[in-house]
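When a ligand or atom number is given, it counts from 1 through the structure's own listing order. Computed from heavy atoms alone, side chains included, the values below leave out hydrogens, waters and symmetry copies.
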Amino acid sequence: MNNDLIKIAQHFQLEGEIANVKPLGEGFINDTFLISTKGPSPRYILQRKNKKIFSPIPAMMDNIEKVCQHIKKKVVATGGDPMREAMTVIPSINGKLYFLDEQEEYWAVCLFIENTMAYEAAKTPELAYSGGKGIGRFQSLVSDLKEPLVNILPGFHDIRFRYGQWDKVLANDPVGRKAEVSAEIEWIESRKAEMLAFWALVENREIPTRVSHNDTKINNILFDKKGDVLCVIDLDTVLSSTVLNDFGDAMRTYTNTGLEDDENLENVSMDIQIFEAFTKGYLEETSWFLNSKEIEYLAFSARYITYEQVLRFLMDYIDGDRYYKIKSAAHNLARARAQYKLLQSMESQYGEMQQIVRKYIKL
Ligand code: GN1
Ligand code: MG
């Protein structure tokens with residue numbers, strides 16, 4: 001395998017000689033590897049992109065490149081380091097942003113940014129505050145990106161689209177798991193009306209569509225050693241959608257006192273201090289462009305995305321685990337249950353969450 005990976009890596013415009021290629025991280029969708037080189041040359045990230053999910057991959061890579069170039073220009077203009085404060089896509093030796101191998105798998109490479117930190121949870125309000133500034137700054141930097149992005153993930157955070165998938169999976173019940181999760185199914189069904197009411201505001205454009213990241217879980221952000229955000233990574237999902245999805249998904253991961261798939265539900269709750277710190281940082285960067293509806297629904301977006309995640313994990317469980325990588329037979333069910341516990345915690349603290357948004361929007 002390592003030899004095969006080295007051969008794949010050799011199809012890209014890398015500096016230096018490759019020393020080895022090793023698996024990296026625990027993404028649920030793509031396969032990720034670290035390319036080390038001999039001598040002083042940089043290291044790189046190699047990814048096999050999941051073509052069943054992102055389609056078409058070449059358009060996805062064009063989206064990523066547009067966003068990276070846009071951010072780099074702005075970083076340069078403000079005296080920053082474009083190689084550290086933005087992702088750098090490394091082209092193939094044929095000048096493409098990807099390499100297609102004989103098995104028709106798509107590969108892509110980007111520069112590995114050294115001396116950074118990534119986290120699985122925001123343990124302190126300071127880290128959450130910087131995370132909020134980081135996502136806010138990202139959205140602010142791309143807010144004037146005029147070139148259109150190709151929608152390579154139709155319906156990604158669109159709950160109406162998700163209900164369409166949900167109804168089909170429930171009707172087919174392909175592996176006979178539906179009966180065993182009737183209580184969990186009711187968690188989804190009982191909240192349909194309020195979720196659709198929110199999404200209707202996006203559909204009628206009261207909540208506008210802007211360039212956004214759409215996968216802002218905390219481990220998709222690189223921090224420097226001081227704890228400041230350096231760069232937002234994992235840009236596969238950059239799309240035109242509501243920026244509330246980014247706020248909501250960040251809150252789903254930053255504020256969780258437990259793990260995303262925690263088997264011990266006692267561990268799971270929303271930490272309101274982390275919510276407050278992130279919100280403060282986020283609004284400092286974004287309040288200049290957000291409209292009043294976006295602000296009104298900011299706190300709700302945390303519930304929306306967490307609910308959507310319960311649905312997606314549960315749906316994948318019922319569907320026989322075809323989407324997310326799993327580590328055990330009931331992994332998706334454990335994920336759905338843990339995310340539901342988090343959702344309940346958000347619902348019970350919703351009044352305070354709204355007050356916090358109002359507090360920082362006045363600044
Ligand atoms: C996936 O690729 P990764 O692990 O960063 C997923 C997100 C989910 C997340 C759940 C394209 O993100 O939407 O929220 O898992 N990405 C895609 O942790 O489906
Ligand atoms: Mg990721």
Side-chain angles (χ1 to χ4, degrees), residues 23-33 45-57 59-61 63-64 67 87 106 108 110 118-122 131 134-135 138 149-159 161-162 165-166 169 212-222 231-239 241-256 258-262 268 301-317 319 321-327 331-343 346:
L24 181 76
E26 300 215 13
F28 296 178
I29 308 287
N30 297 317
D31 298 312
T32 305
F33 306 90
I45 302 279
L46 170 69
Q47 279 194 314
R48 177 171 36 216
K49 299 288 189 182
N50 189 327
K51 64 178 179 188
K52 283 196 226 131
I53 292 179
F54 307 111
S55 176
I57 303 277
M60 174 178 91
M61 294 308 300
N63 285 350
I64 295 175
V67 168
M87 270 179 54
Y106 286 92
C110 66
Y119 299 91
E120 290 303 317
I135 292 297
F138 174 84
L149 299 180
V150 178
N151 187 1
I152 49 111
L153 278 171
F156 191 51
H157 286 308
D158 172 342
I159 207 68
F161 173 83
R162 295 291 177 195
Q165 293 182 313
W166 169 257
V169 169
S212 49
H213 183 283
N214 292 291
D215 192 5
T216 45
K217 62 184 187 188
I218 185 165
N219 65 11
N220 282 335
I221 292 189
L222 296 182
C231 173
V232 176
I233 55 171
D234 202 350
L235 299 178
D236 295 351
T237 52
V238 284
L239 298 167
S241 81
T242 160
V243 291
L244 297 185
N245 293 334
D246 288 359
F247 180 86
D249 204 26
M251 292 301 81
R252 179 182 76 78
T253 54
Y254 278 73
T255 68
N256 190 352
L259 302 173
E260 188 179 58
D261 58 354
D262 220 308
V268 177
S301 71
R303 289 171 52 186
Y304 178 79
I305 291 288
T306 306
Y307 168 88
E308 184 205 54
Q309 199 63 68
V310 179
L311 182 156
R312 290 174 66 196
F313 284 145
L314 184 60
M315 179 166 74
D316 200 32
Y317 179 72
D319 200 24
D321 308 308
R322 285 143 44 101
Y323 189 92
Y324 290 111
K325 290 185 198 168
I326 51 165
K327 291 189 180 153
H331 198 176
N332 273 318
L333 183 56
R335 286 166 169 158
R337 288 181 174 150
Q339 292 289 290
Y340 181 63
K341 177 74 198 306
L342 180 64
L343 175 63
M346 288 175 170

I need the atoms of ligand 1 closer than 4.0 Å to a non-hydrogen atom of [X], numbered in the order shown.
| X | value |
| --- | --- |
| Tyr324 | 8 (C), 15 (O) |
| Lys217 | 3 (P), 4 (O), 5 (O), 9 (C), 10 (C), 12 (O), 15 (O), 18 (O) |
| Phe28 | 4 (O), 10 (C), 15 (O), 18 (O) |
| Asn220 | 5 (O) |
| Tyr323 | 11 (C), 17 (C), 19 (O) |
| Arg252 | 10 (C), 14 (O), 18 (O) |
| Glu260 | 10 (C), 18 (O) |

Of Asp236, Thr253, Asp234, Ile29, the residue with the heavy atom nearest atom 1 (C) of ligand 1 is Ile29
Can you tell which part of Asn30 has a heavy atom less than 4.0 Å from ligand 1: side chain, backbone, both or neither? neither
How does Glu308 reach ligand 1, if at all, at less than 4.0 Å between non-hydrogen atoms: by side chain, backbone, both, or neither? neither
Are the side chain of Asn214 and the backbone of Val238 linked by a donor-acceptor contact shorter than 3.5 Å? no
Do Asn245 and Ser212 have side-chain N/O donor and acceptor atoms under 3.5 Å apart? no
